[in-house]
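These numbers come from the heavy atoms of this one structure, side chains and all, not from hydrogens, waters or symmetry mates.
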Amino acid sequence: MNAPVCLSSLLVAALLAAARPAAAPPTSFGYPDGVAVDAAGMVYVVDTDNAAVEKVAPSGEATPLNAGTLAYPTGVAVSSTGTLYVADAGSHSIVQVSPGGEVSTLAHNRELIFPAAVAVDGQGNVYVADSGGEPGSGTVQKISPHGARTTLAKGLNKPAGIAVSAQGVVYVSDTGNNSVRQIDPDGHVTVLPATFNHPRGLTLDATGALLVANTYDNNIRRVSPSGQVTLLAEGFNFPAGLAAGPAGTVYVTDTGTNSVRKIGPDGQVSVLAGGSAPVPAAPPLADSSASTHADTTRHR
């Protein structure tokens, strides 16, 4: 006597399930490297191994962005006007994508050897950390909106991260030397009085503090404007790219888990896209010359 009722219940449940919108499939990254975030909170992620750039909404849903044919992208930056800049190390170039989707080349292989990271200031000047070829051949390049190029620093050891402040101060990860350099607007170069373990991604938060992806220690460090170094978050697996969002959220490409994670204003770390359930962080590497998938030599 109860069978028809059970069948009816199952039928109703099936109809209700079919009416629900399907959950978006989890984003899969091959090797998430550079990351940037715009004023609206949209996150742009370079997926190096898939030669692609993904646009990730605050919900975690990702869509491919047309950035032309990329060879081996490594870094990304977005301007205040919405123009996207992609460091394509494989083609030795900086690709520019306008807000309307027009793709062009800002700088090409006659000027760059291995562009690893890119940043942009409020005037549209683009800054490139070029890892160079041999150790000690890395440079920092500044490219004007019209394409004029100047060299701000030479002799770096595999630089893999760059950021620029509103005052025009440039910070670059001198990755192979386990340090971060500061380039003042007058061209004076100094080394921050702090030791890192294979630093990569850099970004500046709303207070002017510099955030550093301390890759081989699997954490994110914060350097205050006065120079005090503190721990912002830990428990990552070879963090690479960093971007500070408009609401105080910091986005991290966690290469060891193929995911993009976010650090909330309260310090809580969660997954935005990619990867799977959090896994234990890899142990810190005491020897930063060791070769791992997070090393800049991976991009060779």
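Listed by chain and residue number, nothing satisfies the salt bridge (Lys or Arg N to Asp or Glu O under 4.0 Å) test with D47 (two or more places apart in sequence, or in another chain). Every side-chain contact (heavy atoms from CB on, under 4.5 Å) that D266 has, sequence neighbours left out, goes to Q268. In this view, S98 and E102 satisfy the side-chain contact (heavy atoms from CB on, under 4.5 Å) rule, not counting sequence neighbours. The side-chain contact (heavy atoms from CB on, under 4.5 Å) search around A107 returns I94, E111, L112, I143, not counting sequence neighbours. Residues satisfying the side chain to side chain donor-acceptor pair (under 3.5 Å) criterion with Y44, sequence neighbours excluded, are D38. Listed by chain and number, the residues in a side-chain contact (heavy atoms from CB on, under 4.5 Å) with N157 are P135, D174, N177 (sequence neighbours excluded).
Formation of a donor-acceptor pair under 3.5 Å by the D217 side chain with backbone atoms of N219 is not found in this model. Using a distance-only test at 3.5 Å, with no hydrogens or angles considered, a donor-acceptor pair links the side chain of S165 to the main chain of Q167. Formation of a donor-acceptor pair under 3.5 Å by the D121 side chain with backbone atoms of G124 is found in this model. Panel note: side chain K158, backbone G133; a donor-acceptor pair is recorded below 3.5 Å. D130 places a side-chain N or O within donor-acceptor distance of the main-chain N or O of I113, the cut-off being under 3.5 Å.
Proximity of F236 to V269: side-chain heavy atoms (C-beta onward) are separated by under 4.5 Å at one or more points. Using a 4.5 Å cut-off on side-chain heavy atoms (C-beta onward), V56 and V260 make no contact. With contacts defined as side-chain heavy-atom distances shorter than 4.5 Å, the pair P99/T83 qualifies. Side chains of V43 and V35 form a contact here, defined as non-hydrogen atoms less than 4.5 Å apart. Using a 4.5 Å cut-off on side-chain heavy atoms (C-beta onward), P199 and T215 make no contact. Here the side chains of T255 and Y31 are in contact, with some heavy-atom distance below 4.5 Å. Side-chain contact between P246 and V37 is present, with heavy atoms from C-beta onward closer than 4.5 Å. Between V76 and L84, the closest side-chain pair of non-hydrogen atoms falls below 4.5 Å.
Closest non-hydrogen pair, L204 versus Y171, comes out as CD2-CE1, 4.0 Å. The two atoms that bring S224 and A209 nearest to each other are CA-CB, 4.1 Å, heavy atoms only. Nearest heavy-atom pair across A62 and E54 is CB-OE1, 3.8 Å. Minimum heavy-atom separation, A213 to P239: CB-O, 4.0 Å. V126 and V118 make their closest contact through CG1-CG2, 3.4 Å (heavy atoms, listed as atom of the first residue, atom of the second, distance). Between V180 and F196 the shortest heavy-atom distance is CG2-CE1, 3.7 Å.
Connection of V169 to L202 is established within a shared hydrophobic cluster, with ILVMFWY side chains joined at heavy-atom distances below 4.5 Å, either directly or through further cluster members. Hydrophobic clustering of Ile, Leu, Val, Met, Phe, Trp and Tyr side chains at less than 4.5 Å, counting indirect connections, keeps Y72 apart from V86. In the hydrophobic cluster analysis, where Ile, Leu, Val, Met, Phe, Trp and Tyr join through side-chain heavy atoms closer than 4.5 angstrom, V103 is grouped together with V46. V53 is not connected to V45 by any chain of hydrophobic side-chain contacts under 4.5 Å among Ile, Leu, Val, Met, Phe, Trp and Tyr, and they are in different clusters.
Rounding to the nearest 0.5 Å gives a distance of 7.0 Å between CG of N237 and CZ of R261. Taking CD of E234 as the reference point, atom CG of N214 lies at 11.0 Å (rounded to 0.5 Å). Of the inter-residue distances, the one linking L272 atom CG with D254 atom CG reads 12.5 Å to the nearest 0.5 angstrom. One distance of note links OG1 of T203 with CG of D205; it measures 8.0 Å at 0.5 Å rounding.
Using modelled atom types, one finds a donor on one side chain and an acceptor on the other under 3.5 Å when comparing T139 with Q141. Between the side chains of S79 and T81, a donor-acceptor pair is found at a separation under 3.5 Å.
Evaluated for a side-chain contact (heavy atoms from CB on, under 4.5 Å) with R181, the options T190, L192, L156, V170 yield exactly one hit, L156.
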ask   = Going through the checks in order, is the side chain to side chain contact (heavy atoms under 4.5 Å, CB included) test met by V120 and V164?
value = CA-CA 7 Å; V120 59; V164 57; over 6 Å; no
task = Begin from the C-alpha positions of N218 and F238 and carry the test side chain to side chain contact (heavy atoms under 4.5 Å, CB included) through to its verdict.
result = CA-CA 5 Å; N218 300 301; F238 302 113; 4.1 Å; yes
request  = Go through the steps to decide whether L210 and Q182 satisfy the test side chain to side chain contact (heavy atoms under 4.5 Å, CB included), and finish with yes or no.
outcome  = CA-CA 11 Å; L210 180 70; Q182 175 179 313; over 6 Å; no
message = V250 vs L242, test: side chain to side chain contact (heavy atoms under 4.5 Å, CB included). Steps then yes/no.
response = CA-CA 7 Å; V250 178; L242 284 182; 4.2 Å; yes
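Classified by interplanar angle (parallel below 30°, tilted 30° to 60°, perpendicular above 60°), the ring pair H198/Y216 is parallel.
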